[in-house]
Amino acid sequence: MKTTGKVFFPLEDLNRNQQEAVTRSEGPLLVLAGAGSGKTRVITYRIAYLLQERKVPPYAILAVTFTNKAAAAMRERVIGLTGKEGRAVWISTFHSACVRILRQHIEKLGISRHFSIFDDNDSTRVIKDVLAEMNIDARVLPPRRVSYLIGRAKNALVEPDHMAEQGEVNRDHLMDKIVQAYRMYEERLRNSQALDFDDLLYFTWRLFEEKPEVLQSYENLLHYILVDEYQDTNHAQYQIIRQLSAKRRNLCVVGDDDQSIYRWRGADITNILDFEKDFPEAQVVTLGENYRSTGNILSAASGLISKNTGRKEKQLLAIRPDGQKVSAYAGMDEREEGDFIAASILELIRHENFTFKDFSVFYRINAQSRAIEDTFLRMNIPYTIVGGVRFYDRKEIRDLISYLRLILNPADWGSFERIVNAPTRGIGKTSLEKIRKAGSGSLSPEEAIQAALKSGTVKGKAARGAGDLLEALVMLRNKLSIKIPLDEFIVAVLDETGYLRALQAQATDEARNRVENLHEFLVVVDDFMSSNLTDQKNPVELLASFLDQISLVADLDSLKDEGSSVTLMTLHTAKGLEFPVVFMAGMEEDLLPHYRAQGEPAEMEEERRLCYVGMTRAKERLFLTMARRRRLFGQYDNTSPSRFFTELPPENVELHSDTTHSIPGIADAFSSIPAPPGQKVAIGDFTYVPEPVEGEDGLRPGMQVRHPMFGTGQVMIVEGSGGDARITVYFPRGGKKKLIAKYANLELIMD
DNA sequence: TACATCCTTCTTTTT
DNA sequence: GAAGGATGTA
């Protein structure tokens with residue numbers, strides 16, 4: 001691709017509307033990009049177009065997304081289109097962009113530029129603390145609720161003093177308490193020189209509000225702003241975008257109101273619905289052609305979403321042929337549901353040209369993954385879970401991160417309280433309370449320790465432990481002031497604090513596992529070092545940006561394209577992705593839609609959008625599955641089919657032939673009544689074996705065998721090989737049996 | 001103060 | 001059916 005002549009730019013790759021979205025570079029532009037309409041392509045082409053055709057310098061462009069993965073993908077594609085020029089474009093998540101701005105300017109607001117970033121876990125801890133201090137019973141006012149309300153206020157840019165004016169809180173008889181908790185929470189954060197996630201947005205907005213010269217410097221720099229997933233922006237994000245684009249007004253927002261699924265986190269769907277009101281001169285381009293899904297899948301999804309009222313009326317046009325109908329399946333319980341999903345995957349791999357990485361299973365809540373995992377483990381189906389218990393949430397990782405944060409930000413009480421007795425130093429609840437008192441709410445933790453030691457309130461074992469900790473921290477800060485590689489430094493932290501030694505001394509499986517996780521953390525460090533020009537920054541800055549990076553990772557960011565395995569994730573995580581085959585598990589009332597949405601029309605619409613997002617991820621095949629009873633909280637409850645089943649256009653959906661139960665509103669495509677459960681070997685009810693068992697007469701999953709006592713059956717699992725192999729066989733007359741090959745006396749039935 | 005054991009609550013969804 | 005908190009014991 002060379003820049004000669006006029007028409008070098010590959011506009012011919014795009015349809016007419018896409019071209020318009022790419023080339024209308026000046027003024028506000030709303031791109032309504034339906035599911036699968038080539039949104040990412042439009043955004044990347046638009047950036048490339050600005051650079052190459054409009055000769056916009058790369059540093060004058062800011063593109064914001066919601067996840068690091070989306071940002072990375074965008075950057076990669078822009079670089080692919082434009083070469084190294086694209087590298088200098090500022091492509092980032094909202095939160096990372098704000099951190100970058102704040103690290104540079106926040107001292108103007110009187111907050112240290114080495115501020116810690118508190119994640120939800122840290123914030124909740126502080127809130128619990130505050131509520132305890134206020135003598136409020138957690139049952140009267142649960143910390144989670146307070147945390148939710150504070151977050152909501154911050155997202156709406158509402159300070160404690162004005163919180164009472166917010167409708168919902170106003171009606172709450174505990175309002176005074178909530179407002180007071182908000183104030184105290186803020187006080188604690190400021191005291192710790194810490195910002196929570198919502199603060200990152202809030203303080204950026206405030207910075208721009210209160211320091212116009214800072215805003216101006218960004219306005220002068222950023223001539224073109226692009227926002228992806230605009231339907232999920234909250235009020236704070238919206239205001240920041242407004243501030244930045246007010247002067248140049250070259251703001252392009254891309255999104256789809258039907259895919260707004262973060263209302264609970266403050267996302268304000270009116271941002272996208274009212275864009276034309278906010279920017280009266282805005283142009284609107286609609287991308288209405290779906291290139292991703294087959295006709296049946298798209299029609300089914302469109303039929304569902306048309307039941308929503310608060311949306312822009314639109315119809316997506318299927319470019320692809322009809323394909324197969326959407327399959328609905330109902331099993332007896334979540335185990336049968338999992339078996340069906342596994343069997344279907346193996347079946348599709350055998351008969352059609354799919355591989356494991358073509359499949360994804362979506363569910364509403366993380367707890368659903370266990371049942372599916374169980375089946376996959378049993379059937380040897382390789383899988384990757386995105387999300388769930390996060391690596392960075394493990395105790396040992398959090399402890400280590402707390403040490404690192406405390407080293408950078410000595411005021412960080414949150415981190416201090418986490419590690420003060422990890423490893424155990426004889427500083428229990430009582431001693432910690434004394435140290436806190438000594439700090440009297442204004443000293444740093446280390447100053448407080450010194451005060452407590454001096455006054456003799458802390459003595460004996462606790463005093464020695466506290467002294468050791470002080471010494472280790474001072475020593476580590478010294479180390480960091482000389483030029484030390486980051487990984488070496490982190491090893492030094494584990495060593496000087498005695499953390500690693502204490503774990504090793506425990507010599508339990510759990511402790512060994514924790515040590516292993518710490519090693520894995522060092523791999524993350526190494527990755528970071530090799531992806532950054534390490535020697536350009538001093539160790540302090542490097543550690544700081546490393547911590548920034550890992551505190552802002554999303555679950556989705558861990559998803560790699562490499563390897564071949566089925567992907568398991570929540571519906572929320574699935575936004576923005578696509579897979580040839582999609583299973584949506586747990587299509588039941590109170591799960592999807594979730595029970596918290598019952599009786600809340602706005603929430604119910606969001607559940608419907610969530611279902612829509614899931615369905616529109618599928619390219620070739622879509623399976624909607626449910627279980628008639630499901631174990632939640634360890635006990636079985638009967639379920640009823642999701643209302644969304646009845647909202648699907650009947651002509652695009654059919655009941656799967658393997659279903660063991662019927663679903664109201666879903667037509668049975670097969671006249672025969674399915675065999676009662678337990679009477680038949682489910683289709684594909686065998687297991688995947690990565691390496692076929694060697695040997696001519698080796699038993700393999702799927703083979704028919706005869707047993708002297710149980711009769712004929714089908715081999716499901718083969719573990720090991722030769723005579724010692726342990727095999728699991730399903731006998732219609734005897735059920736599942738585990739046998740040792742050489743004793744079982746099995747006769748192979750050739751077909 | 002540390003550790004074990006019991007109990008309770010909890011499950012949406014996440015930058 | 002786990003994780004965090006409360007309670008009990010050394």
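Within every chain, numbering begins at 1; the chains are lettered A, B, ... in the order of the sequence lines, protein sequences first and strands thereafter.
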- prompt: Just checking A/Ser551: base, sugar-phosphate only, or nothing, at a heavy-atom cut-off of under 4.0 Å?
  reply: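 Since no nucleic acid heavy atom lies under 4.0 Å of A/Ser551, the category is nothing.
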
*Answer with base, sugar-phosphate or nothing: what part of the nucleic acid does A/Asp198 contact at a heavy-atom distance below 4.0 Å?*
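The answer is nothing, as A/Asp198 stays clear of every strand by at least 4.0 Å.
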
* Name the orientation class of the two ring planes belonging to A/Phe623 and A/Phe583 (parallel below 30°, tilted from 30 to 60°, perpendicular beyond 60°). =>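 Parallel.
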
Is there a side-chain contact between [X] and the phosphate of [N], meaning an N or O under 4.0 Å from OP1 or OP2?
| X | N | result |
| --- | --- | --- |
| A/Asn366 | B/dT13 | yes |
| A/Lys575 | B/dT14 | no |
| A/Thr430 | B/dT1 | yes |

Between [options], which nucleotide gets closest to the side-chain atoms of [X]?
| X | options | value |
| --- | --- | --- |
| A/Thr424 | C/dA2, B/dT13, B/dC3 | B/dC3 |
| A/His572 | C/dG4, B/dT14, B/dC3 | B/dT14 |
| A/Arg144 | B/dT11, B/dT15, B/dT1 | B/dT11 |
| A/Phe197 | B/dT11, B/dT13, B/dT15 | B/dT15 |
| A/Thr93 | B/dT11, C/dG1, B/dT15 | B/dT15 |
| A/Phe633 | B/dT15, B/dT11, B/dT13 | B/dT11 |
| A/His594 | C/dG1, B/dT11, B/dT1 | B/dT11 |

Report task. Could you tell me whether A/Glu647 and A/Arg643 have a side-chain N and a carboxylate O separated by less than 4.0 Å? Result ->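 Looking at A/Arg643 together with A/Glu647, the answer is no, because their closest N to O distance does not fall below 4.0 Å.
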
Enter the distance from A/Asp198:CG to A/Asn155:CG here, rounded to the nearest 0.5 Å.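 If we round to the nearest 0.5 Å, A/Asp198:CG and A/Asn155:CG are 4.5 Å apart.
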
Measuring centre to centre across the rings, with the benzene-like ring taken for any Trp, is A/Trp205 within less than 6.0 Å of A/Phe208?
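No: the rings miss the under 6.0 Å criterion.
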
Quick check: A/Phe521 with A/Phe546 (ring centres under 6.0 Å apart)?
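Yes - the distance between ring centres of A/Phe546 and A/Phe521 falls below the 6.0 Å cut-off.
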
Looking only at atom P, what distance separates B/dT13 and C/dG4, rounded to whole Å?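 Nearest-Å result for B/dT13 against C/dG4 at atom P: 15 Å.
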
Check the pair A/Thr233, A/Phe94 against side-chain contact (heavy atoms from CB on, under 4.5 Å), reporting the backbone distance first and the verdict last.
-> CA-CA 9 Å; A/Thr233 48; A/Phe94 264 107; 3.9 Å; yes

**Q.** DNA chain B contacts made by residues 252-272 of chain A, counting heavy atoms under 4.0 Å
**A.**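 Hits under 4.0 Å, by residue number: A/Tyr262, A/Trp264, A/Arg265.
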
